[in-house]
Amino acid sequence: GSLFNPTWSVQPSAAEIAAAAPGGRNGGRAIMDCVFTAEAALSNCAVVSQLPASGPFGAAAMTLAPRYRAADVAGSAGKPVRVVVIFPRG
């Protein structure tokens, strides 16, 4: 099925993403596939890709998953979603 493209009511701040990023890196990104709970939170997340491929960014993105909430609670429940997390350099 197609992935739901939510409007976020809550998402990690730039500072939270930077804090979760592994230190001393050149930046990277991770993509997670998750499913929304009835409360519009993310659940059952799995990393589907990360750059660099052997890097720690997938694990770092997973630590941020609890910081996301969809704005449309009723409309998002049970829907699959793809979340892209971009980690800054540094």
Side-chain angles (χ1 to χ4, degrees):
S2 63
L3 293 164
F4 183 58
N5 186 18
T7 297
W8 300 109
S9 63
V10 178
Q11 60 186 353
S13 67
E16 288 171 320
I17 291 172
R25 302 283 176 167
N26 289 324
R29 74 171 189 185
I31 301 173
M32 301 182 290
D33 281 354
C34 307
V35 177
F36 280 112
T37 67
E39 294 79 34
L42 300 179
S43 68
N44 298 324
C45 292
V47 175
V48 293
S49 72
Q50 61 180 351
L51 288 175
S54 60
F57 294 103
M62 292 286 281
T63 70
L64 293 168
R67 295 288 303 128
Y68 288 89
R69 292 285 184 283
D72 182 1
V73 175
S76 61
K79 291 188 177 176
V81 61
R82 177 159 285 176
V83 180
V84 178
V85 182
I86 307 291
F87 292 95
R89 291 179 175 271

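Heavy atoms only: backbone and side chains are in, while hydrogens, waters and symmetry mates are out.
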Peer 1: May I ask whether Val83 and Val35 are part of the same hydrophobic cluster, defined by side-chain heavy atoms of I, L, V, M, F, W, Y residues being less than 4.5 angstrom apart, directly or through others?
Peer 2: no
Peer 1: Could you list the cluster mates of Val10? Members are the ILVMFWY residues connected by side-chain heavy atoms closer than 4.5 Å, either directly or through other members.
Peer 2: none
Peer 1: Under the rule for side-chain contact (heavy atoms from CB on, under 4.5 Å), what residues qualify as partners of Thr7, not counting sequence neighbours?
Peer 2: Ala71
Peer 1: Sequence neighbours left out, what passes side-chain contact (heavy atoms from CB on, under 4.5 Å) with Ile86? Give chain and number order.
Peer 2: Arg29, Val84
Peer 1: Could you give all pairs that pass the disulfide (SG to SG under 2.5 Å) test and reach residues 56-90, with sequence neighbours left out?
Peer 2: none
Peer 1: Could you pull out the closest heavy-atom pair between Met62 and Ala46, with the gap in Å?
Peer 2: SD-N, 4.4 Å
Peer 1: Tell me, which pairs form a side-chain hydrogen bond (donor to acceptor under 3.5 Å, both in side chains) where one or both residues lie in residues 69-79, sequence neighbours left out?
Peer 2: none
Peer 1: Val47 and Gly58: which non-hydrogen atoms are nearest, and at how many Å?
Peer 2: CG2-O, 3.4 Å
Peer 1: Could I get the full list of side-chain contact (heavy atoms from CB on, under 4.5 Å) partners for Val48, not counting sequence neighbours?
Peer 2: Ile31, Asp33, Arg82
Peer 1: CD/Gln11 to CD1/Ile17 distance, rounded to the nearest 0.5 angstrom?
Peer 2: 7.5 Å
Peer 1: Sorted by first residue and then second, give each side-chain hydrogen bond (donor to acceptor under 3.5 Å, both in side chains) pair with at least one member in residues 36-65; sequence neighbours left out.
Peer 2: Thr37-Glu39
Peer 1: Give every residue pair that meets the disulfide (SG to SG under 2.5 Å) criterion with at least one member in residues 46-90, sequence neighbours excluded.
Peer 2: none
Peer 1: Write out all pairs satisfying ring pair (Phe, Tyr, Trp, His ring centres under 6.0 Å) with one or both partners inside residues 63-83, taking only residues at least two apart or from two chains.
Peer 2: Trp8-Tyr68
Peer 1: Looking at every heavy atom in both Leu64 and Glu16, which two are closest together, and how far apart are they?
Peer 2: CD2-O, 3.9 Å
Peer 1: Taking only residues at least two apart or on different chains, which pairs with a member in residues 71-90 satisfy ring pair (Phe, Tyr, Trp, His ring centres under 6.0 Å)?
Peer 2: Phe57-Phe87
Peer 1: Which residue pairs pass the disulfide (SG to SG under 2.5 Å) test with at least one member in residues 38-90, sequence neighbours excluded?
Peer 2: Cys34-Cys45
Peer 1: With sequence neighbours left out, what residues match Ala77 under side-chain contact (heavy atoms from CB on, under 4.5 Å)?
Peer 2: none
Peer 1: Looking only at heavy atoms, which two atoms of Ala38 and Val73 are closest? And how far apart?
Peer 2: O-CG1, 3.3 Å
